[in-house]
Amino acid sequence: MSSHSTDVSVLGLGAMGRALAGTLLDAGHTVTVWNRTPGRDAEVVAVGAVAAAGAGSAAAASPLVVACLLDHTSVTDTFTAAADSLRGRTVVNLTSTTPEESRDLARWAERHDVVFLDGGIMATPEMIGRPESRLLYSGAAGAFDEFRPVLERFGTSEYLGEDPGLAALWDFALLAAMYGTFAAVFHGMAMVTTAGASPDAFVPRVTEWLGAMLSSVPYHAGQVTEGHYRTEVQSLDFNKAAVDAITRASRDAGIDTAVVEVVRRLVDREVAAGNGALAFSRIYESIRRP
Ligand code: NDP
């Protein structure tokens, strides 16, 4: 079967589902679509998608069914309604579900004779089909191999392993790193705007600074791997003085300190545990084994 001739059904036409369906249509696939609320298929039907009246008839139309819904409940509701039609088919769940929820869906699929692949989309809808779009998959290895040419339409596709929860675990690990970083960026932005700078003025400096600092991540990962947190340069005692000062500066500037308080708590508990002479990366240990 050549990849462009694989028929695909897409369940869920939110912002992401529409982007997935549109990308498949651009690549020449026959795409059948379904959305709970009628009318949201107009955009993709206008460019060639086939509208299905229900999740079951949509699933019945293709060997490969892609689900991109809101959450775990919406996926289980939809799969349950379409169970008879899904039998024997391959389902790729691109809905953000937790690793345990993805494993639960895989168990449901096994009971219903459905081949299950879970995926995490590391992209926004506008990025789908573009080189910077990346998707992570886990679950049925055979299904990933068979349908990989179709999945590559969405973006660079990586298979992480048979455990169906792996894609979601890596997805959420990367999202956790993103949210923490972005929250801190807005904290810094709030600080400089108290002195009259525009939010935009913060952008070149913070991106350059974070870029330079992120280059040290491999070094820190090495410390974590070896479990040796010795440092000659910046100890947690040093970091404590810095983070305490940043907290005071934030308070003096009249902004909220929630973001820096998180870092302060992590540093303080290491210092209180007698690890003040060790490196900042030691906080990994108390996060990993609370
Ligand atoms: P939207 O809110 O735009 O769409 C949600 C979709 O889920 C709609 O099609 C909605 O249908 C459907 N839905 C909600 N509840 C149910 C239900 N009980 N039964 C059936 N269908 C239901 O979200 P997105 O399209 O942006 O996101 C979809 C998934 O993709 C999410 O899990 C999200 O985390 C993930 N994702 C999104 C990214 C993004 O940037 N948008 C990035 C990476 C992942 P209805 O129209 O009837 O409400």
Side-chain angles (χ1 to χ4, degrees), residues 8-25 31-46 49-60 64-86 91-106 108-109 114 116-139 151-158 160 164-182:
V8 187
S9 294
V10 176
L11 308 179
L13 294 173
M16 188 55 89
R18 289 198 303 277
L20 298 172
T23 300
L24 293 172
L25 288 163
V31 181
T32 303
V33 295
W34 170 81
N35 191 69
R36 178 185 60 173
T37 305
R40 293 190 84 181
D41 57 4
E43 181 187 308
V44 286
V45 167
V50 180
S57 53
L64 178 62
V65 179
V66 173
C68 191
L69 302 161
L70 184 67
D71 56 9
H72 183 246
T73 307
S74 55
V75 179
T76 50
D77 287 354
T78 304
F79 283 9
T80 303
D84 289 343
S85 308
L86 286 171
V91 169
V92 178
N93 173 45
L94 294 182
T95 310
S96 301
T97 45
T98 69
E100 266 317 306
E101 289 166 348
S102 298
R103 292 181 189 115
D104 180 59
L105 291 169
W108 181 95
V114 173
F116 183 79
L117 196 59
D118 200 71
I121 306 175
M122 308 313 303
T124 57
E126 310 76 57
M127 289 162 66
I128 295 299
R130 306 226 317 241
E132 63 271 29
S133 169
R134 187 169 285 272
L135 290 91
L136 307 172
Y137 292 95
S138 59
L151 303 176
E152 290 282 350
R153 306 283 193 205
F154 301 141
T156 304
S157 300
E158 268 186 278
L160 302 181
L166 276 179
L169 184 70
W170 279 79
D171 181 354
F172 284 172
L174 292 168
L175 286 181
M178 181 197 73
Y179 277 119
T181 306
F182 275 21

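No hydrogens, no waters, no symmetry mates; every other heavy atom, side chains included, goes into these values. Just follow the structure's listing: the first ligand is 1, and inside any ligand the first atom is 1.
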By number and element, which atoms of ligand 1 are closer than 4.0 Å to a non-hydrogen atom of C68? 28 (C), 29 (C), 30 (O)
Could you list which atoms of ligand 1 come closer than 4.0 Å to a heavy atom of T95? 32 (O)
Do you see a donor-acceptor pair shorter than 3.5 Å between the side chains of T124 and E126? yes
Which ligand 1 atoms does R40 reach within 4.0 Å, using its non-hydrogen atoms? 8 (C), 45 (P), 46 (O), 48 (O)
Does I121 reach ligand 1 with a nitrogen or oxygen that is under 3.5 Å from one of the ligand's nitrogen or oxygen atoms? no
Of all heavy-atom pairs linking T73 and T76, the shortest is O-OG1, 3.0 Å
N35 side chain to L13 main-chain N or O, any donor-acceptor pair under 3.5 Å? yes
Holding to ring-ring contact (aromatic ring centres under 6.0 Å, His included), I want the full list of residues that pass it with F154, two or more places apart in sequence or in another chain. none
Donor-acceptor pair, side chain of S9 and main chain of A58, under 3.5 angstrom: yes
What is the nearest protein non-hydrogen atom to atom 45 (P) of ligand 1, stated with its residue, atom name and distance? T37 OG1, 3.4 Å
Please identify which atoms of ligand 1 are closer than 4.0 Å to at least one heavy atom of N35. 8 (C), 9 (O), 11 (O), 45 (P), 46 (O), 47 (O)
Which part of L69 is near ligand 1, with near meaning a heavy atom under 4.0 Å away: side chain, backbone, both or neither? both
Considering residues, nucleotides and ligands other than W170, do more than 12 of their heavy atoms fall under 6.0 Å from its CH2? no
For ligand 1, does R36 get within less than 4.0 Å through its side chain, its backbone, both, or neither, judged by non-hydrogen atoms? both
How close does the nearest protein non-hydrogen atom get to atom 35 (C) of ligand 1, and which residue and atom is it? S96 OG, 3.4 Å
Considering only non-hydrogen protein atoms, determine which one is nearest to atom 4 (O) of ligand 1 and report residue, atom name and distance to 0.1 Å. G14 CA, 3.3 Å
V33 and A21: which non-hydrogen atoms are nearest, and at how many Å? CG1-CB, 4.1 Å
For T124, the atoms of ligand 1 under 4.0 Å from one of its heavy atoms are 40 (O)
Atom indices of ligand 1 within 4.0 angstrom of L13 heavy atoms, with elements: 9 (O)
Using a 4.0 Å cutoff against the non-hydrogen atoms of S74, which atoms of ligand 1 qualify? 15 (N), 16 (C), 17 (C), 18 (N), 19 (N), 22 (C)
Closest approach of any protein heavy atom to atom 40 (O) of ligand 1, naming residue and atom: P125 CD, 3.2 Å
Without swapping roles, check the side chain of S57 against the backbone of A55 for a donor-acceptor pair under 3.5 Å. no
For atom 2 (O) of ligand 1, what is the nearest protein heavy atom, given as residue, atom name and distance? L70 CD1, 4.2 Å
Might you point out which heavy atoms bring T95 and V75 nearest each other, and give the distance in Å? OG1-CG2, 3.4 Å
Test your reading of the structure: does A15 have an N or O sitting under 3.5 Å from an N or O of ligand 1? yes
Using modelled atom types and a 3.5 Å cut-off, is there a donor and acceptor pairing between side-chain atoms of S138 and backbone atoms of A167? yes
For ligand 1, which atoms, with element, lie under 4.0 Å from some heavy atom of T78? 19 (N), 20 (C)
Side chains of D77 and S74 only: does a donor on one sit below 3.5 Å from an acceptor on the other? no
Can you tell me if A123 contacts ligand 1 (heavy atom of the residue under 4.0 Å from the ligand)? yes
If you have a sec, work out which protein heavy atom is nearest atom 38 (C) of ligand 1 and how many Å separate them, to one decimal? M16 CE, 3.4 Å
So W108 and F79, would you call those rings parallel, tilted or perpendicular, with 30° and 60° as cut-offs? tilted
Can you confirm whether some protein heavy atom lies under 4.0 Å from atom 23 (O) of ligand 1, or whether none does? no
